[in-house]
Amino acid sequence: MKTSGAPPDGKSVEQLDRAVIFLGPPGAGKGTQAKELARSYRVPHLSTGDMLRENIAKGTPLGVQAQPIMARGELVPDSLVLKMVADRIERPDCSHGFVFDGFPRTVAQAQYLGQLLKAHGFRRPAVIHFVIDTSLVLRRITGRWMCKVGGEIYNIYERQPKVPGRCDNDGGELEQRPDDREEIVAPRLAAYEKMTAPLAAYYRRLGLLHTVDAAKSVDTVTQQVLAIVRGAH
Ligand code: AP5
């Protein structure tokens, strides 16, 4: 790691200079931790779910194609997702690394990402697998509220805003995601098991996989993630 520039959590002066990939089921806490890590290292948080939701909100051609698929809890086809990601990491703010949350989600996406990172001259990514029991994930998903403005994530059980219904950061209105309805959570979990869970073995074989106990508190998971990122070579 380079040792100048961004100060993670105000204590160190490391730069990320790599991709960090968060892998784990819906509701495991990937978005919560990705925002934290990205803030600490001052690099972009690249959530393909957020990017797709932005496209839906703007009514772009990509958003129009993705909307019914996401509403059913299925994965958006690789052909749509890969171009969106490739375009995003071309942008200058990605030059010192970035945190992927929700990407890659298929072996084909992982293979493509490997080529993309090589082509951009990045060293090997750190892949962090969020391990958690399904019963806990269901509670987290159904309790989640998000800020309409900045996307900050709250939870009615575990992480309440100071003012009910309003974001602590920017006062934005909080809303629930349409795909967090109970009947959509089951297909999302099934898609994860079938298409995404095999990536843990894929990255383990490449020697890139690290594991966190995602059932712990937000602060404890943050410490686990930071220890991995600082120690990864
Ligand atoms: P996406 O937006 O990526 O959703 P996801 O992967 O299903 O993950 P979630 O956002 O539900 O959960 P999370 O792990 O980020 O948890 P969070 O931090 O919010 O994808 C949505 C859809 O987009 C997909 O279904 C698919 O259709 C499409 N898509 C996206 N990427 C794609 C791709 N690459 N290819 C194809 N299709 C794609 O936390 C959850 C809750 O728990 C929150 O309320 C939070 O406050 C709380 N919480 C978090 N951590 C803790 C903790 N440690 N203790 C207690 N509570 C906690």
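For clarity, every value in this text was computed on a predicted model and none was experimentally measured. Note that these values count all heavy atoms, side chains included, but never hydrogens, waters or copies made by symmetry. Note that ligands are numbered from 1 as they come in the structure, with each ligand's atoms numbered from 1 the same way. For this chain, numbers begin at 1 and follow the sequence in order.
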Looking at Glu182, I'd like to know if its CD atom is crowded, meaning that more than 12 non-hydrogen atoms belonging to other residues, nucleotides or ligands lie closer than 6.0 Å. no
Can you find a pair of side-chain heavy atoms, one from Pro104 and one from Tyr203, that are under 4.5 Å apart? yes
Is the shortest N/O to N/O distance between Arg53 and ligand 1 below 3.5 Å? yes
Hey, does the side chain of Arg188 reach the backbone of Pro25 with a donor-acceptor pair shorter than 3.5 angstrom? no
Gln33 to ligand 1: N or O pair under 3.5 Å? no
Check against side chain to side chain contact (heavy atoms under 4.5 Å, CB included), Thr142 and Leu138: CA-CA 6 Å; Thr142 51; Leu138 288 174; 5.6 Å; no
Counting from 1 in the order shown, the ligand 1 atoms closer than 4.0 Å to a non-hydrogen atom of Phe103 are 34 (N)
Report the nearest protein non-hydrogen atom to atom 49 (C) of ligand 1: residue, atom name, distance rounded to 0.1 Å. Thr32 OG1, 3.4 Å
Given 3.5 Å as the limit, does a donor-acceptor pair link the side chain of Lys30 with the main chain of Gly24, or not? yes
With a 4.0 Å cut-off on heavy atoms, does Ala28 reach ligand 1? yes
Does some non-hydrogen atom of Met51 fall short of 4.0 Å from ligand 1? no
With a heavy-atom distance limit of 4.0 Å, tell me whether Ile69 approaches ligand 1 through its side chain, its backbone, both, or neither. neither
Test of proximity, Asp179 against ligand 1: N or O pairs below 3.5 Å: no
Taking distance alone, with N or O pairs closer than 3.5 Å, would you say Pro26 contacts ligand 1? no
With salt bridge (Lys or Arg N to Asp or Glu O under 4.0 Å) as the test, would you mind laying out the steps for Lys162 and Glu152 before giving the verdict? CA-CA 13 Å; Lys162 292 186 184 113; Glu152 194 64 27; over 6 Å; no
Does Thr48 reach ligand 1 with a nitrogen or oxygen that is under 3.5 Å from one of the ligand's nitrogen or oxygen atoms? yes
As a check for students: among Val76, Thr142, Leu23, Thr222, identify the option with a heavy atom nearest to atom 36 (C) of ligand 1. Val76
Using heavy atoms and a threshold below 4.0 Å, how should the contact between Phe130 and ligand 1 be classified: side chain, backbone, both, or neither? neither
So, Asp50 and Arg177, do they make that salt bridge, N to O below 4.0 Å? no
Does Asp179 reach the main-chain N or O of Gly73 with its side chain, forming a donor-acceptor pair under 3.5 Å? no
Of all the non-hydrogen atoms in the protein, which one sits nearest to atom 30 (C) of ligand 1, and at what distance? Arg105 NH1, 3.2 Å
Stepwise side chain to side chain contact (heavy atoms under 4.5 Å, CB included) check, Leu37 with Leu226: CA-CA 7 Å; Leu37 185 67; Leu226 281 174; 3.8 Å; yes
Any idea which protein heavy atom is nearest atom 9 (P) of ligand 1, and the distance to it? Arg144 NH1, 3.2 Å
Quick check: do His210 and Gln224 have side-chain heavy atoms less than 4.5 Å from each other? no
Give yes if a backbone or side-chain nitrogen or oxygen of Gly31 is under 3.5 Å from a nitrogen or oxygen of ligand 1, and no if not. yes
Does ligand 1 have any atom that is closer than 4.0 Å to a heavy atom of Ile141? no
Could you list which atoms of ligand 1 come closer than 4.0 Å to a heavy atom of Gly102? 31 (N), 32 (C), 33 (C), 34 (N)
Do ligand 1 and Gly27 have nitrogen or oxygen atoms that lie under 3.5 Å from each other? yes
Looking at Arg18 and Arg124, would you say the former's side chain and the latter's main chain have a donor-acceptor pair under 3.5 Å? yes
Flag, side chain of Thr48 to backbone of Gly102, donor-acceptor distance under 3.5 Å: yes
Below 4.0 Å from ligand 1: does a non-hydrogen atom of Met146 turn up there or not? no
Heavy atom under 4.0 Å from ligand 1: found in Arg140's side chain, backbone, both, or neither? both
Atom 16 (O) of ligand 1: closest protein heavy atom, distance to 0.1 Å, is Gly29 N, 3.1 Å
Side-chain (Arg166) to main-chain (Gly171) donor-acceptor, under 3.5 angstrom: yes
Please check this pair: side chain of Gln67 against backbone of Leu52, looking for a donor-acceptor N/O pair closer than 3.5 Å. no
For ligand 1, does Gln109 get within less than 4.0 Å through its side chain, its backbone, both, or neither, judged by non-hydrogen atoms? side chain
heavy-atom search around atom 27 (O) of ligand 1 in the protein gives Glu74 O, 2.5 Å
Report the nearest protein non-hydrogen atom to atom 29 (N) of ligand 1: residue, atom name, distance rounded to 0.1 Å. Leu52 CD1, 3.5 Å
If you scan protein heavy atoms around atom 23 (O) of ligand 1, the nearest is Met70 CE, 3.2 Å
Going by the order shown, which atoms of ligand 1 are within less than 4.0 Å of some heavy atom of Ile153? 18 (O), 19 (O), 43 (C), 44 (O), 45 (C), 46 (O)
May I ask whether Pro25 places a heavy atom under 4.0 Å from ligand 1? yes
Please state which part of Pro104 comes within less than 4.0 Å of ligand 1, counting heavy atoms only: side chain, backbone, both or neither. neither
What part of Ser47, side chain from CB on, backbone N/CA/C/O, both or neither, has a heavy atom under 4.0 Å from ligand 1? neither
Are Tyr112 and Phe103 close enough that their ring centres sit under 6.0 Å apart? no
With a 4.0 Å heavy-atom cut-off (strictly under), which part of Val218 contacts ligand 1: side chain, backbone, both or neither? both
Can you tell me if Arg159 uses its side chain to pair, donor with acceptor, with the backbone of Val218 under 3.5 Å? no
Between Arg188 and ligand 1, which residue portion shows a heavy-atom distance shorter than 4.0 Å: side chain, backbone, both, or neither? side chain
Measure the shortest side-chain to side-chain distance between Pro178 and Ile184 over non-hydrogen atoms and say whether it is less than 4.5 angstrom. no
For Glu158 and ligand 1, does the shortest N/O to N/O distance drop below 3.5 Å? no
Please determine whether a side-chain nitrogen of the Lys or Arg among Asp93 and Arg88 lies less than 4.0 Å from a carboxylate oxygen of the Asp or Glu. yes
Quick one: look up the protein heavy atom nearest atom 4 (O) of ligand 1 and list residue, atom name and how far away it is. Arg177 NH2, 3.2 Å
Can you name the atoms of ligand 1, numbered from 1 with element, that are less than 4.0 Å from a heavy atom of Tyr154? 43 (C), 44 (O), 46 (O)
Are the side chains of Thr222 and Gln33 in contact, using a 4.5 Å heavy-atom criterion? yes
